[in-house]
Protein chains: 2
Amino acid sequence: MQNTDNKEFFTSQGLKNTKSRNLIYEILEQSDVPVTAEQVYLKLKESDFKINLSTVYRILEIFVNKGIALKSNIADSNKSMFELNRMEHKHHIVCIKCKKMFSIEGCPFDEIEKKIQSKLDFDVTGHKLEIFGYCKDCKLIKK
Amino acid sequence: MQNTDNKEFFTSQGLKNTKSRNLIYEILEQSDVPVTAEQVYLKLKESDFKINLSTVYRILEIFVNKGIALKSNIADSNKSMFELNRMEHKHHIVCIKCKKMFSIEGCPFDEIEKKIQSKLDFDVTGHKLEIFGYCKDCKLIKK
DNA sequence: GTAACTGCAAACCTTTTGCAGCTTG
DNA sequence: CAAGCTGCAAAAGGTTTGCAGTTAC
């Protein structure tokens, strides 16, 4: 089985070009909010691609180690979430009640990072911002 | 066994004033970075206070529900971290390598929140900012 | 052909839960 | 005394791992 979609991309990272990786990469690419390993797994299953959950975890882990994806634990569940490490640099806003996430544009942090860099003698490589509250639908029925 | 340290505080929240709660509250109070349930548990053990890990979890959960503490998953481990919900509103900076956390002063977000509030019709109740990179000690030996 | 990848099942680790006994107000 | 806490042990998630078989290069 072969899929050449991202062949160069994967091999340039020292990774074999497998269908699983291509599909998982695509799923991350198509989502503009972070997803759990299980969500990825279910999406693959829906599209009738047979895969094991532990393979999903392994691929996501590789993506994270290679810097292709980012891992986080937004929303304070006990699940990890994964998203593509996009250059455009997105942040998210999470509804406390329904846990839906929305992406927000813009990031006012670049200059603040520089300040911290010099002040703390800390080599800043990135940041993560999560804003939370109640979304349009949930704000009426908070409890 | 009794300890009146925070008696009024607890009873005003509808909570019984127990030694465990007082001690856990103190531990959170004395730490300026988030801690795991296990760290709290070990600290109590060190000081020869016998307690069960599940009790620690239960107390921390109550604190979170009452708004006394905040739960997060900074540093992308699979462990939850807890910190006091201080009014001063602190953020943290985490070293990717040694995972040490430092607290940083100030938060430039209040006005940005307002913008989002009106733009997305989202009722913002708070935010969490994590900045990461390499600390002074680790920046020399990154890998 | 070989190194890398995957499936499966079991192990692991963190967190939660049921229940019985104990404490606080 | 009653309601609320706690300890203990067991269960319940989520994630990782060992191993054997398969695939990409």
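Note on naming: letters A, B, ... go to the chains in the order of the sequence lines (proteins, then strands), and numbering restarts at 1 for each one.
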**OP:** Would you check if the side chain of A:R86 reaches a backbone N or O of A:E29 as a donor-acceptor pair within less than 3.5 Å?
**Re:**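 Confirmed, A:R86 side chain pairs with A:E29 backbone.
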Within this structure, what is the [atom1]-to-[atom2] distance between [X] and [N], rounded to whole angstrom?
{"X": "B:N17", "N": "D:dA3", "atom1": "CG", "atom2": "C1'", "result": "16 Å"}
{"X": "B:I62", "N": "D:dT6", "atom1": "CD1", "atom2": "C1'", "result": "11 Å"}
{"X": "B:L60", "N": "D:dT6", "atom1": "CG", "atom2": "C1'", "result": "14 Å"}
{"X": "B:Q13", "N": "D:dG4", "atom1": "CD", "atom2": "P", "result": "15 Å"}
{"X": "A:N65", "N": "C:dC5", "atom1": "CG", "atom2": "P", "result": "12 Å"}
{"X": "A:I59", "N": "C:dG7", "atom1": "CD1", "atom2": "P", "result": "8 Å"}
{"X": "A:L53", "N": "D:dG13", "atom1": "CG", "atom2": "C1'", "result": "12 Å"}
{"X": "A:N73", "N": "D:dG13", "atom1": "CG", "atom2": "C1'", "result": "14 Å"}

Original post:
What is the minimum heavy-atom distance between A:K16 and A:R21, and which atoms define it?
Top reply: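 So the two residues come closest at O-NH1, 3.1 Å.
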Subject >> First of A:E38 and A:E61 reached from the 5' end of DNA chain D, by closest nucleotide >> reply: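 By nearest-heavy-atom nucleotide position, the 5'-most residue is A:E38.
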Subject >> Mutual orientation of the aromatic rings belonging to B:Y25 and B:F10 [parallel < 30°, tilted 30-60°, perpendicular > 60°] >> reply: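 Correct class here is perpendicular.
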Original post:
Between C:dG7, D:dT16, D:dC25, which nucleotide gets closest to the side-chain atoms of A:T55?
Top reply: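 The answer is C:dG7, which lies nearest to the side chain.
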Check this one for me: any side-chain N or O of [X] less than 4.0 Å away from OP1 or OP2 of [N]?
{"X": "A:N52", "N": "C:dT6", "answer": "no"}
{"X": "A:K79", "N": "C:dT14", "answer": "no"}
{"X": "A:S20", "N": "C:dT6", "answer": "yes"}
{"X": "B:T18", "N": "D:dT6", "answer": "yes"}
{"X": "B:K19", "N": "C:dC22", "answer": "no"}
{"X": "B:S54", "N": "C:dT16", "answer": "no"}
{"X": "B:N78", "N": "C:dC13", "answer": "no"}

Original post:
Do B:L84 and B:V64 belong together in a cluster built from hydrophobic side chains that touch within less than 4.5 Å?
Top reply: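 They do share one cluster, since a chain of ILVMFWY contacts under 4.5 Å joins B:L84 to B:V64.
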Original post:
In Å, rounded to the nearest 0.5 Å, how long is the span from CD1 of B:I24 to NZ of B:K43?
Top reply: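 So the CD1 of B:I24 and the NZ of B:K43 are separated by 12.5 Å.
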Original post:
Hey, which of these two, B:K16 or B:F82, hits DNA chain C nearer its 5' end, going by closest nucleotide?
Top reply: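 Result of the comparison: B:F82.
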Original post:
Ignoring hydrogens and angles, does a donor from either the side chain of B:R58 or the base of D:dG4 sit under 3.5 Å from an acceptor on the other?
Top reply: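 Donor-acceptor pair under 3.5 Å: no.
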Subject >> Touch class at under 4.0 angstrom, heavy-atom based, for A:R21 against every strand present >> reply: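 Sugar-phosphate: the residue A:R21, judged by heavy atoms under 4.0 Å, touches backbone atoms but no base.
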